[in-house]
There are 2 protein chains.
Amino acid sequence: MTDFPEAPIYEHLARLGKVLSAPVRLRLLDLLDQGECTVEELAQRGGLPLKNTSAHLQQLRAAGLVATRREGTRIHYSLRDREVSGFLGRFQEFAEERMSDLRAEIEEHLGRDETVGAVTGPELEELLRGGEVVLVDLRSPEEYEEDHVPGAVSIPSRQLEERLDELPWDMTIVAYCQGPYCVVSPRAVRVLNGTGRQARSLRGGYVHWKRRRDTG
Amino acid sequence: MTDFPEAPIYEHLARLGKVLSAPVRLRLLDLLDQGECTVEELAQRGGLPLKNTSAHLQQLRAAGLVATRREGTRIHYSLRDREVSGFLGRFQEFAEERMSDLRAEIEEHLGRDETVGAVTGPELEELLRGGEVVLVDLRSPEEYEEDHVPGAVSIPSRQLEERLDELPWDMTIVAYCQGPYCVVSPRAVRVLNGTGRQARSLRGGYVHWKRRRDTG
DNA sequence: TCCTTATTCTAATAATCGCTAGAATATTGG
DNA sequence: CCAATATTCTAGCGATTATTAGAATAAGGA
């Protein structure tokens with residue numbers, strides 16, 4: 001077997017890798033990055049059985065990535081601190097940079113045009129400073145209420161079609177959803193561009209923006 | 001099963017986690033961070049069978065973490081670019097920060113006094129500027145020749161005892177080995193302190209220092 | 001206290017991954 | 001072209017991990 005003196009240390013280190021090696025756990029971490037959640041909410045939004053969810057959350061907790069808070073009979077999970085969010089962003093960025101099949105999958109999933117034409121964080125700042133842009137938050141009113149990008153107006157994605165007349169023809173529209181791999185904003189951008197407007201998606205959605213704000 | 005629309009993306013993302021979930025692969029990455037290596041060298045230094053080593057290297061290559069270069073019948077592996085080195089550092093740092101059992105393991109492995117008393121990168125710069133320090137490279141002459149911290153003198157760890165008289169009594173001695181989890185420099189520090197000198201280890205050894213130089 | 005709800009713990013099965021042996025490939029030197 | 005060396009590919013076994021059902025725990029309300 002492996003017999004170098006540092007072996008036990010790498011054994012421990014690998015535990016972090018193991019935790020990040022299950023798709024479900026990475027998904028849960030991204031959900032938690034959008035805000036505190038109960039086990040049931042996470043199970044629902046992650047689309048997997050409750051017991052399964054709980055088991056994965058235990059592993060995340062054992063690795064020191066998430067924290068729990070009890071409120072009555074419910075247990076609320078959240079990322080343990082901001083550095084977890086920052087690390088998660090770095091992890092995803094790094095993976096996207098060098099795994100070309102991952103990039104291909106993202107483009108296929110979100111739509112090629114909407115992916116490459118997406119607005120990055122610094123670009124958004126620039127656009128907001130110029131004032132030539134309307135920023136649209138497509139998430140639920142509750143999510144918008146809890147926190148949103150300053151200057152954004154709330155138009156939940158389901159109401160987009162019926163509230164189209166609130167959106168201008170002569171300014172760029174930037175739309176964002178939860179992110180980082182959410183389809184909602186690319187879809188909305190397609191709709192808006194279909195009406196002849198100038199719309200772009202915010203790369204990585206709310207989560208990426210928040211990571212940038214909180215961890216630089 | 002898992003049935004949310006972003007599932008295939010997280011599936012791909014998890015491949016990076018999987019690659020980082022085996023102790024052997026993390027070890028190989030750290031070895032590669034010290035410089036280019038052939039498969040045989042890696043197998044030897046990692047203390048595992050050749051075929052096994054090759055299999056792991058394939059996985060690292062599939063994930064875009066390492067590059068290969070053929071020279072005659074040998075194949076030389078190296079980290080694909082500097083960002084891999086930087087990410088690796090971030091990964092280890094993050095793991096050490098929040099997994100207390102990992103910290104405990106490191107302290108036990110390297111020695112408690114030598115770990116907490118270790119010199120960090122910025123501290124070393126400060127000490128070198130002041131000129132009140134002797135920096136000792138404990139690695140092999142070949143490794144020293146290829147690259148070393150500016151200002152370091154080469155005293156391979158095996159020669160330390162017989163070359164003790166080259167080291168001063170009135171200055172702090174900072175010693176480093178390959179790192180980041182190498183026992184050589186903590187051991188040397190114990191020997192030096194045993195003679196009554198003032199010695200400290202460089203935290204993370206050559207690898208940490210190089211990561212700092214190359215990726216900031 | 002007892003019942004209900006939310007979650008975790010325990011244990012068993014199913015899927016995945018690491019390891020290793022044998023065959024295959026690629027390059028160099030004769 | 002053949003032999004030698006370095007490495008990779010293929011396949012099967014063994015170990016680890018995910019999943020999930022059932023029992024257990026913990027808090028809140030009747």
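To find a chain, count down the sequence lines: A is the first, B the second, and so on, and within it residues start at 1.
If you take CZ of A:Arg61 and P of C:dT8, they are 7 Å apart, rounded to a whole angstrom. Counting to the nearest Å, the P atom of C:dG18 and the CZ atom of B:Arg27 are 18 Å from each other. Atom CG of A:Leu57 is separated from atom P of C:dA6 by 16 Å (rounded to the nearest Å). At whole-Å resolution of the value, CG in A:Leu50 and C1' in D:dA21 are 13 Å apart. At whole-Å resolution of the value, CD in B:Gln44 and P in D:dA6 are 12 Å apart. Distance, A:Arg69 CZ to C:dT7 C1': 15 Å, rounded to whole Å. In this structure, CG of A:Asn52 is placed 15 Å from P of C:dT7, rounded to the nearest angstrom. Atom-to-atom, CZ of A:Arg15 to C1' of D:dT16 comes out at 15 Å; the value is rounded to the nearest Å.
With contacts defined as side-chain heavy-atom distances shorter than 4.5 Å, the pair B:Ser78/B:Arg69 does not qualify. Within the 4.5 Å cutoff, no side-chain heavy atoms of B:Thr53 are placed close to those of B:His56.
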What string of B, S and - do you get for nucleotides 24-30 of chain D 5' to 3' if you count protein non-hydrogen atoms under 4.0 Å?
--SBS--

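For B:Arg74, taking side-chain heavy atoms from C-beta onward, the closest of the listed nucleotides D:dA6, C:dC9, D:dA18 is D:dA6. Each of D:dT7, C:dT20, D:dA18 was ranked by its minimum atom distance to the side chain of A:His56; first place goes to D:dA18. The B:Ile75 side chain lies nearest to D:dT8 when the options are C:dT20, D:dT8, D:dA18.
No close placement of the B:Phe91 and A:Phe91 rings is indicated, their centers lying 6.0 Å or farther apart.
A close approach under 4.0 Å does not occur between any side-chain nitrogen or oxygen of B:Ser54 and OP1 or OP2 of D:dT7. Note on B:Tyr77: every side-chain N or O is 4.0 Å or more away from OP1 and OP2 of D:dA6. The side chain of A:Gln59 places an N or O atom within less than 4.0 Å of a non-bridging phosphate oxygen (OP1 or OP2) of D:dA18. Residue A:His76 places none of its side-chain N or O atoms closer than 4.0 Å to OP1 or OP2 of C:dA6. Contact check, A:Arg25 against D:dA18: a side-chain N or O comes under 4.0 Å of OP1 or OP2.
At a cut-off of 3.5 angstrom, counting only N and O atoms as typed in the model, there is a donor on one side and an acceptor on the other between the side-chain of A:Lys51 and the base of D:dG22.
When each of A:Ala55 and A:Lys18 is assigned the nucleotide of DNA chain D bearing its nearest heavy atom, the one mapping closer to the 5' terminus is A:Lys18. Comparing A:Thr53 and B:Ser21 against DNA chain C, the residue whose closest nucleotide sits nearer the 5' end is A:Thr53.
If you take CG on A:Leu128 and CD on A:Glu123, they are separated by 11.5 Å, rounding to the nearest 0.5 Å.
Remark: of the listed residues B:Arg200, B:Arg190, B:Arg187, B:Arg190 is the sole one forming a salt bridge (charged side-chain N to carboxylate O under 4.0 Å, His left out) with B:Glu114.
Taking the charged nitrogens against the carboxylate oxygens, A:Arg139 and A:Glu145 have no contact shorter than 4.0 Å, which rules out a salt bridge. Of the charged side-chain nitrogens involved, none lies within less than 4.0 Å of a carboxylate oxygen, so that B:Glu93 and B:Arg98 do not count as a salt-bridged pair.
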Given the rule in the side-chain hydrogen bond (donor to acceptor under 3.5 Å, both in side chains) test, do A:Arg211 and A:Gln92 qualify, once you have shown the distances and angles that lead to the verdict?
CA-CA 12 Å; A:Arg211 280 177 190 157; A:Gln92 293 176 355; 3.1 Å; yes

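Residue contacts for B:Thr38: at a heavy-atom cut-off of 4.0 Å it reaches the sugar-phosphate backbone alone, with no base atom in range.
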